[in-house]
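Let me begin by presenting the structure, written as structure tokens, before commenting on it.
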Amino acid sequence: MHAADVLALAYQYPHPNAFTDLSAAVDTLGSGTVQHDLKKFLKEIGRIDLAKWEELHTATLDLSPMFVPYVGHVVWGENYRRGEFMADLNGEMRDAAVSLDGELPDHIAPVLRYLARHEDPFADLVEVLPRAVESMRETLAGASPGNPYIHLLEATVAYCADLRPLTIGRGA
């Protein structure tokens, strides 16, 4: 399983088999920082029951979230540039047959699913995603230092560290 797919799975709303499914997916990853941080996330989540995980997920990512899980919003706020970015990203996701699952195109979960399916991803996304995810991590760490989702964001930061737009350096 692609690391970005595993990360996207971790951002989904928990269900009765979510812990087992995510654990199995994490085990498919090779060793490295992404897997290490995901295992820390699983260890913390494994200490709580499903109802508490659902509450934590909702408090962290949904209703009045502790951090905003929308890449464009983190980078541009409610600015026209975010709208352009989402329109372009929506087209990219449609072309790559990535389901938004009811989210906006700049939500972290569909963004990760898109990256798992595209060898030459949308350059604007690759440019802004690392700083957006780092900002999300810093915001959550400041708002809720013991929140297990910090480990998930750290895994996402580690994944994003390897992203490089293929257009940089061409023609040089």
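Heavy atoms only: backbone and side chains are in, while hydrogens, waters and symmetry mates are out. Note that the structure is predicted; figures quoted are calculated from it, not measured.
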- Message: I want to check something: taking the side chain as every heavy atom from C-beta on, are Arg81 and Asp124 in contact at a cut-off of under 4.5 Å?
- Response: yes

- Ion pair check, Arg117 and Asp95, cut-off under 4.0 Å: no

- Query: How far apart are the closest heavy atoms of Pro105 and Leu100, and which atoms are they?
  - Reply: CA-CD2, 3.7 Å

- Closest approach of Pro145 and Gly142, non-hydrogen atoms and distance? CD-O, 4.4 Å

- Is it true that a side-chain atom of Tyr11 and a backbone atom of Leu112 form a donor plus acceptor pair closer than 3.5 Å? no

- Query: Nearest 0.5 Å, what's the NE2-CD1 distance between His151 and Ile45?
  - Reply: 9.0 Å

- Query: Should Met1 and Ile108 be counted in the same cluster of Ile, Leu, Val, Met, Phe, Trp and Tyr side chains packed under 4.5 Å apart?
  - Reply: yes

- Would you check if Phe122 and Phe85 make a side-chain contact, meaning some heavy-atom pair closer than 4.5 Å? yes

- Item | Side chain to side chain, Asp88 and Glu92, heavy atoms closer than 4.5 Å | no

- Message: Looking at every heavy atom in both Pro148 and Glu44, which two are closest together, and how far apart are they?
- Response: CB-CB, 3.6 Å

- Measuring from Leu22:CG to Leu42:CG, what's the distance to the nearest 0.5 Å? 4.5 Å

- Item | Donor-acceptor under 3.5 Å (Asn17 side chain, Thr20 main chain) | no

- What do the steps show when you test Val111 against His107 for side chain to side chain contact (heavy atoms under 4.5 Å, CB included), and what is the final call? CA-CA 6 Å; Val111 162; His107 187 277; over 6 Å; no

- Message: Is any side-chain heavy atom of Tyr114 closer than 4.5 Å to one of Pro110?
- Response: no

- How about Tyr159 and Thr33: does a side-chain donor come under 3.5 Å of a side-chain acceptor? no

- So does Arg131 pair up with Glu134, basic N to acidic O under 4.0 Å? no

- Given side chains that start at C-beta, do those of Val68 and Met136 come closer than 4.5 Å, heavy atoms only? no

- Message: Between Leu56 and Leu50, is there shared hydrophobic-cluster membership here, with clusters defined by ILVMFWY side-chain heavy atoms closer than 4.5 Å?
- Response: yes

- Task: Go through the steps to decide whether Leu129 and Thr156 satisfy the test side chain to side chain contact (heavy atoms under 4.5 Å, CB included), and finish with yes or no.
- Result: CA-CA 10 Å; Leu129 184 61; Thr156 310; 6.0 Å; no

- Query: Roughly how far, to the nearest 0.5 Å, is CZ of Phe67 from NE2 of His73?
  - Reply: 12.5 Å

- Separation between CD (Gln12) and NE2 (His57), nearest 0.5 Å, reads 8.5 Å

- Item | Step-by-step side-chain hydrogen bond (donor to acceptor under 3.5 Å, both in side chains) determination, Ser144 to Tyr149 | CA-CA 9 Å; Ser144 181; Tyr149 279 89; over 6 Å; no

- Of all heavy-atom pairs between Ala132 and Val71, which one has the smallest distance, and what is that distance? CB-CG1, 3.9 Å

- Query: Between Gln35 and Val6, does a side chain to side chain contact (heavy atoms under 4.5 Å, CB included) hold up when you go through it step by step?
  - Reply: CA-CA 9 Å; Gln35 184 194 43; Val6 177; over 6 Å; no

- Message: Between the side chains of Asp37 and Lys40, is the shortest nitrogen-to-carboxylate-oxygen separation below 4.0 Å, so that they form an ion pair?
- Response: yes

- Task: Would you check if the side chain of Thr139 reaches a backbone N or O of Ser135 as a donor-acceptor pair within less than 3.5 Å?
- Result: yes

- Taking the side chain as every heavy atom from C-beta outward, state whether Arg82 and Val75 have any atom pair closer than 4.5 Å. no

- Query: Any side-chain donor-acceptor pair under 3.5 Å between Glu103 and Tyr70?
  - Reply: yes

- CH2 on Trp53 to OH on Tyr13, rounded to 0.5 Å: 10.5 Å

- Straight-line distance of Arg113 CZ to His118 NE2, nearest 0.5 Å: 15.5 Å

- Query: Does any non-hydrogen side-chain atom of Ile150 lie less than 4.5 Å from one of Phe41?
  - Reply: no

- Query: Which atoms form the tightest heavy-atom contact between Leu29 and Ala3, and what is the distance?
  - Reply: CD2-CA, 3.6 Å

- Query: Can you find a heavy atom in the side chain of Leu115 that is under 4.5 Å from one in the side chain of Leu125?
  - Reply: yes

